[in-house]
Amino acid sequence: MAMPLRQSIKVATYLIEQKLRKREKFPLIVELEPLFACNLACEGCGKIQHPAGVLKQRMPVAQAVGAVLESGAPMVSIAGGEPLMHPQIDEIVRQLVAKKKYVFLCTNAMLMRKKLEKFTPSPYFAFAVHIDGLRERHDESVAKEGVFDEAVAAMKEAKQRGFRVTTNSTFFNTDTPQTIIEVLNFLNDDLKVDEMMISPAYAYEKAPDQEHFLGVEQTRELFKKSFAGGNRARWRLNHSPLFLDFLEGKADFSCTAWAIPNYSLFGWQRPCYLMSDGYVPTYRELIEETDWDKYGRGKDPRCANCMAHCGYEPTAVLATMGSLKESLRAARETIGGNR
């Protein structure tokens, strides 16, 4: 696990505080979507399928920052849509960083080089660039040529300017262990990004492409083979060891979607950013009035093939904190990743 040591300590302290307060449900990271508009039309994403009137909306800065503070989460993932299209995205980031929230700005990087001057390097801030494969594969997934090359150029320039740069890669049933190994080797060894996040794709209801999402057994086999030969230990993966165990079938967990709540233009989304069973205006209502027990694999048919990080990474983190053995294992990997 390549999470910076300072961030690891803050998250661990936060988890201990929640336990001492005897809080059963609390957020680890908020998925903040201040807009749904995007400058790409990826086949596996359903966000731009919203009506034109919705796509024109931009969340006010005070509303975006207020939602994160309301939840109390130590980390924020700003997505969309494409957040760099938001005219005040730099101010949202600035205010959250000033509150010492760890902020990950998720982007396809098409606007990144043009917007870099609006941001300031900080240990509390990172660009999270979406990369689904090497050039041909990535450009095919986003339905536009040249995106991979622009993303690589943007990441290199951001690194040169002192920014933390992370990546997020989603894999489909068209992927093989070799395609995964190739892209993660490139990100890890050639670009030397700070951290990498990986996830099997989830079947968004409104996504144009409904044919290429992974099943549970496919996911386990794919990652088991990809992690072989020491790759898992060598790659700077931003995941808990237990979540990586989960991906390759060495462990199984229940879903804790409440730990990564989503806040968008519509409010707090039930139960997670991948599914929509309605919205509520406050975080308290989301936690207290949602029947969390009815979600997850084996409970809701929509969850049958889901192994996404938003539901299962927090379960793995909580399981780690509840085990001295796993806590020591995670600590060893964190310290090793920060040498």
- prompt: Parallel under 30°, tilted from 30 to 60°, perpendicular over 60°: which one fits the rings of Phe266 and Phe36?
  reply: tilted

Quick check: closest heavy atoms across [X] and [Y], and the distance to 0.1 Å?
X	Y	result
Ser240	Thr320	CB-OG1, 4.5 Å
Ser77	Cys106	OG-SG, 3.2 Å
Ile78	Pro83	O-CG, 3.7 Å
Lys299	Lys294	CB-O, 3.4 Å
Glu91	Arg94	OE2-NH2, 2.7 Å
Lys101	Lys10	N-NZ, 4.4 Å

Would a single hydrophobic cluster contain both [Y] and [X], if residues Ile, Leu, Val, Met, Phe, Trp and Tyr are joined by side-chain heavy-atom contacts under 4.5 Å?
X	Y	answer
Leu105	Tyr124	yes
Leu69	Met59	yes
Met85	Met110	no
Ile181	Phe223	yes
Trp258	Met75	yes

message: Using a 6.0 Å cut-off, check whether atom CZ of Arg58 has over 12 heavy atoms from anything other than its own residue.
response: yes

task: Please check if atom CZ in Arg161 has more than 12 non-hydrogen atoms from other residues, nucleotides or ligands closer than 6.0 Å.
output: yes

Is a side-chain donor or acceptor of [X] paired with a backbone partner of [Y] at a separation under 3.5 angstrom?
X	Y	answer
Glu70	Tyr283	yes
Asn185	Glu182	no
His239	Ile198	yes
Arg236	Asn188	yes
Thr315	Ser254	yes
Asn262	Cys272	no

Chi angles and distances behind the side-chain contact (heavy atoms from CB on, under 4.5 Å) call for Cys255, Tyr312: CA-CA 5 Å; Cys255 175; Tyr312 296 97; 3.9 Å; yes

message: Is there a side-chain contact (heavy atoms from CB on, under 4.5 Å) between Ile131 and Met155? Walk through the geometry before answering.
response: CA-CA 11 Å; Ile131 297 291; Met155 286 189 282; 4.0 Å; yes

task: Report the C-alpha separation of Asp300 and Met275 in whole Å, then their side-chain angles, then the decisive distance to 0.1 Å, and conclude whether the side-chain contact (heavy atoms from CB on, under 4.5 Å) test is met.
output: CA-CA 11 Å; Asp300 188 314; Met275 292 166 53; 3.9 Å; yes

If you look only at distance, which donor and acceptor atoms sit under 3.5 Å apart when one is on a side chain in residues 21-30 and the other is two or more places apart or in another chain?
residue	atom	partner	partner atom	Å
Arg23	NH1	Gln18	OE1	2.7

Looking at side-chain heavy atoms only, is the closest gap between [X] and [Y] below 4.5 Å?
X	Y	result
Val193	Val129	no
Phe243	Val317	no
Trp235	Phe227	yes
Ile16	Met321	yes
Lys225	Ile180	no
Arg232	Glu248	yes
Val68	Leu96	yes
Met307	Arg297	yes

Say you draw a straight line from [atom1] of [X] to [atom2] of [Y]; how long is it, rounded to the nearest 0.5 Å?
X	Y	atom1	atom2	value
Leu184	Leu134	CG	CG	9.5 Å
Asp90	Lys115	CG	NZ	8.0 Å
Glu150	Glu145	CD	CD	14.5 Å
Thr176	Leu222	OG1	CG	7.5 Å

message: Please determine whether a side-chain nitrogen of the Lys or Arg among Lys224 and Glu221 lies less than 4.0 Å from a carboxylate oxygen of the Asp or Glu.
response: no

- prompt: If you measure from the Lys or Arg side-chain nitrogens to the Asp or Glu carboxylate oxygens, is any gap between Arg137 and Asp132 under 4.0 Å?
  reply: no

message: Name the residue from Asp291, Thr290, Asp277 that meets the side-chain hydrogen bond (donor to acceptor under 3.5 Å, both in side chains) definition with Arg270.
response: Thr290

task: Report the C-alpha separation of Val76 and Tyr102 in whole Å, then their side-chain angles, then the decisive distance to 0.1 Å, and conclude whether the side-chain contact (heavy atoms from CB on, under 4.5 Å) test is met.
output: CA-CA 6 Å; Val76 188; Tyr102 284 93; over 6 Å; no

- line: Applied to residues 144-163, the ring-ring contact (aromatic ring centres under 6.0 Å, His included) test, sequence neighbours excluded, yields Phe127-Phe163, Phe148-Phe186

message: Ignoring hydrogens and geometry beyond distance, is a side-chain donor-acceptor pair present between Glu82 and Asn108 at under 3.5 Å?
response: yes

- request: Test Trp268 against every option in Tyr279, Tyr263, Tyr273 by the ring-ring contact (aromatic ring centres under 6.0 Å, His included) rule and name the one that passes.
  value: Tyr263

